[in-house]
Amino acid sequence: MNHFTIASLVILALCTLYSLHRLPAAGDRCTALLETGWWTNKHSLVWQPQGCTLKQYKQPEIRQCLGQTTALFVGDSSVRNKFFALARAVDPKFTPPNEKAHQNIDVLWPATTDKNSKGGDSLAARFLWDPYLNLTETHDALNSKERKIAVVGSGLWYLRNRAAGSGGVKAWRKAIDKMSDKMNVYISPIPHIVPERLSQERRETLDAESIHLMNEYMSTQVAHLQLFRSWNLMALPEETQDGLHYSNRVEDRAINVLLNRACNMVTVPAHAPFRTTCCVAYPSPPWLVVGAALLTCIGIPALLYSQVRNSAATMPSIETLRQMLVFGAILLLMYVCDRTPVFDKLQKNFVVWVFWLLVGASAAWGVATWEKDAKGGGGFLGRLQTDEWKGWMQLLILAYHLMNASTVAGIYNPVRVLVAMYLFMTGYGHCFFFHKKADFGLRRLTAVLLRTNLLAVGLAYMMGTSYMDYYFAPLSSVWVLIVWLTMRVAPQANHTHVVWVKIAVSAIAAKAVNDWWHLWPFGLLRRLGVDWSQREWEFRFGTDIFIVYVGMATAIVVLHHGAQLQAHARWLQMKRWATLASVVGLLWYTVFELTRIDKFAYNAWHPYVSIVPVLSFVVLRNSSEYLRMHSSSAFRFVGLISLELFIAQFHLFLAADTKAVLVLSDSRLWFINLALVCVVFFTMCQLLGNASTAICAWLMVVRTSSSGAQQQQHRPAANDAAIPMTELPVVQPPAEQPSAAAGHHRPAALDRLASDPPIAARLFDSLAARWVVGLATLVLINWIY
């Protein structure tokens, strides 16, 4: 364990203690809606309560919340404006009275075709004009069972009419005291004023000090009063014209906070994904998570202790058990981070300068670690270069997700190209390997797929999500199978021009299956209890349907014609023209993607135009010997764990399945929290990478003779470093500990998919049998779970 890992664990422990210390006060974070919050973006008015994420309420959710009841608003003009905000949410066609009439107002539900919803003549919300809270009608309405939510506000008229006999603050206190025993009544604070914008009459009767003292009285002296202090925190001077009433934009945000407080327990599903975390109750961990916790905390440590005390050849090695423990512990950590209220979650918000600051910091890190490659460098798209390529792309994707940059088409479009680059490397790397090694065996294919999917499948069951949510794992897996099948059919043709026909036929077949005939077996999967979205899958697969074949074609050109091209008399001239064309290509693509109307218009072009920036980058990155011989060690480090970074970011870097930001420290210390999260996140992903490799190595051990000798499914040849395997490092077996039973090896019967009897042990030496039993087990768990 290195110093960086130790430091990360210390940071994680301290942050956990800090969060647990605050947890009793945070509760279910309903109180945060009433008392805390700040504008994270004052231009678009993005409101952030302390430590949780908001739901954006629309008419259907409001209907679901209110049911057959109504929302009641009682008080003065400040409460009336909030009533108008709810009315706009209920009925977008609602028009408030033109005159400032002191009158009661009703809002009806608009007509709907839903038989289970209220019709167009049913009452949705009512406003009662009662600035003194002293009318009998008010108290009758507050005591009525027909209302679910009530918002009450008073104080301005007591202050304005002190000289006219309103009774002033003393009379106001008596009226407010009567509200403390009302159920589900929320108190609107007296709004903050902007004196310089008040009319002369209001400036003479309203003063900030009296308003402050009255709000403090409601906050500290009246028991059981649900006072929305946060509404006054929303008061921006630039959002008021008369110094007292605030804009519709502010009032709309205020009423959305009210609905989160009153309705989330009804409208927010009590299952993953938890995209709304304010005022919700997290469910108890399901049996699968409890079982995983018991296995990680008790089962594996017991086996590890047994191995240390008395090493047995029939058990996994100490190192393998240790890596299993690490893998399970990190999955449990992700569950705690994203499926419990222990750690805060913040809403994502795009801020231009912060996004580019993160991009610039990543670039500076890469430049600072630019160095000459000690070994394995200098080749076209070699392992070091592809690791670096994956590294800087992954950092950009992390910044993109963190800042919610998908809302900006000019950033979304290039990020689509980054995904295309990953898939280009999939096509190039695997085609290169199959062509060079001609190893089409099930063992290597199984190792690749197992390593690619181990974390994604584990998280799908642990977090209660869909395997398709971690879309890169299934997308990469399917493309690996397609490349394997393309090269596996008539393998003798791979070294002839017929290989181009194979690639073309494969591309047409993929297009037909995905876009023309829609032949993916999602209907069969649904019958097996696996409910995946075919539309989402076809979009993901179809958006980059050609770039993998471009990668395969590039590999064939390099293998078949690379030497001849470099020996050509005009090779240097061709290089210069290719470099110039690549520069022009990147400039053209930049102009093209920025001039699309929106990202949806761009998506239609992406399968065809993404080829230009991908090939342009490949040419420019390899345009000189200096560039080929150098790379960034920082980017290579990130690239080596890019698979773990891409998948684990859903729950350990971000939260709510990428819809929120994970907070380990104080919610307001955004940059400090980002630094802490990055240290923990990168360390955990590095540990996950090592653990996944060790577990896959253990699962891939097979029997090769009746005596029980075993071997690893793949051992790299001396020149394997030149073959760019882009999805995963080569699976290496963990170092075995000396055993008292020297000369004996762990029989395949101890494989996770095998059982104890000798006959079953011999059966499960077959990888095909392991495939069948493993997939059947996953389907069974999915059916039950």
Side-chain angles (χ1 to χ4, degrees), residues 370-389 417 420-421 424-438 483 486-487 490-507 546-590 592 608-632 717-726:
W370 181 262
E371 62 186 15
K372 185 174 182 179
D373 299 332
K375 59 179 180 179
F380 179 82
L381 286 180
R383 187 186 298 277
L384 296 180
Q385 189 178 132
T386 54
D387 285 341
E388 179 203 68
W389 192 359
V417 173
M421 287 177 168
F424 171 88
M425 284 190 278
T426 298
Y428 180 86
H430 286 286
C431 181
F432 198 105
F433 179 90
F434 290 132
H435 187 285
K436 192 119 178 172
K437 297 292 184 180
V483 174
T486 303
M487 302 298 288
Q492 66 278 6
N494 293 339
H495 299 273
T496 69
H497 293 303
V498 179
V499 70
W500 295 107
V501 177
K502 293 172 57 178
I503 292 175
V505 170
S506 179
F546 297 122
I547 198 65
V548 175
Y549 294 105
V550 173
M552 294 179 67
T554 304
I556 297 300
V557 169
V558 171
L559 289 165
H560 287 194
H561 308 290
Q564 295 91 323
L565 286 173
Q566 293 184 61
H568 197 280
R570 294 187 177 180
W571 170 242
L572 292 179
Q573 184 178 358
M574 287 189 289
K575 281 180 58 178
R576 286 193 290 269
W577 279 109
T579 302
L580 178 60
S582 298
V583 173
V584 173
L586 287 178
L587 292 175
W588 172 85
Y589 172 79
T590 302
F592 177 85
Y608 313 100
V609 302
S610 62
I611 299 171
V612 175
V614 173
L615 291 181
S616 296
F617 173 80
V618 170
V619 171
L620 292 175
R621 183 63 181 85
N622 293 273
S623 59
S624 71
E625 183 178 0
Y626 174 82
L627 291 175
R628 291 193 301 272
M629 292 295 296
H630 290 73
S631 62
S632 167
N719 61 346
D720 262 5
I723 300 177
M725 297 306 302
T726 59

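Both backbone and side-chain heavy atoms feed into the values below; hydrogens, waters and symmetry mates do not.
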K502 pairs by side-chain hydrogen bond (donor to acceptor under 3.5 Å, both in side chains) with which of N494, T486, T496?
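Passing option: N494.
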Using 0.5 Å steps for rounding, measure from the [atom1] atom of [X] to the [atom2] atom of [Y].
| X | Y | atom1 | atom2 | answer |
| --- | --- | --- | --- | --- |
| R621 | F380 | CZ | CZ | 11.5 Å |
| L620 | L627 | CG | CG | 9.0 Å |
| L615 | F424 | CG | CZ | 5.5 Å |
| M552 | F546 | CE | CZ | 14.0 Å |
| I547 | T426 | CD1 | OG1 | 11.0 Å |
| R628 | Q385 | CZ | CD | 9.0 Å |

Side-chain heavy atoms of V618 within contact of Y428, under 4.5 Å:
no
Mind checking whether W370 and Y626 have parallel, tilted or perpendicular rings, split at 30° and 60°?
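Rings of W370 and Y626: tilted, 30 to 60°.
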Could you tell me how the ring of F592 sits relative to the ring of W588: parallel (under 30°), tilted (30 to 60°) or perpendicular (over 60°)?
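Ring orientation of F592 relative to W588: parallel.
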After noting the C-alpha distance and the side-chain angles of V550 and V614, does the key distance pass the side-chain contact (heavy atoms from CB on, under 4.5 Å) rule?
CA-CA 9 Å; V550 173; V614 173; 5.9 Å; no
Assess whether side-chain contact (heavy atoms from CB on, under 4.5 Å) is satisfied between F617 and V417, documenting all intermediate values.
CA-CA 11 Å; F617 173 80; V417 173; over 6 Å; no
Ring centres under 6.0 angstrom apart (H560, H497)
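No: the rings miss the under 6.0 Å criterion.
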Nearest heavy atoms of D373 and S631, plus distance in Å:
OD1-OG, 2.5 Å
For M421 versus P613, what's the shortest heavy-atom pair and its separation?
CE-O, 4.1 Å
Could you give me the CA-CA distance, side-chain angles and deciding distance for L381 and W389, then say whether side-chain contact (heavy atoms from CB on, under 4.5 Å) is met?
CA-CA 9 Å; L381 286 180; W389 192 359; 3.8 Å; yes
Under 3.5 Å, is there a donor-acceptor pair between the side chain of H435 and the main chain of I556?
no
Contacts under 3.5 angstrom, residues 567-586 side chains, donor-acceptor by atom type, not counting sequence neighbours:
residue : atom : partner : partner atom : Å
H568    : ND1  : R570    : N            : 3.0
T579    : OG1  : K575    : O            : 2.8
S582    : OG   : A578    : O            : 2.8

Step by step, would you call M487 with S506 a side-chain contact (heavy atoms from CB on, under 4.5 Å)?
CA-CA 10 Å; M487 302 298 288; S506 179; over 6 Å; no
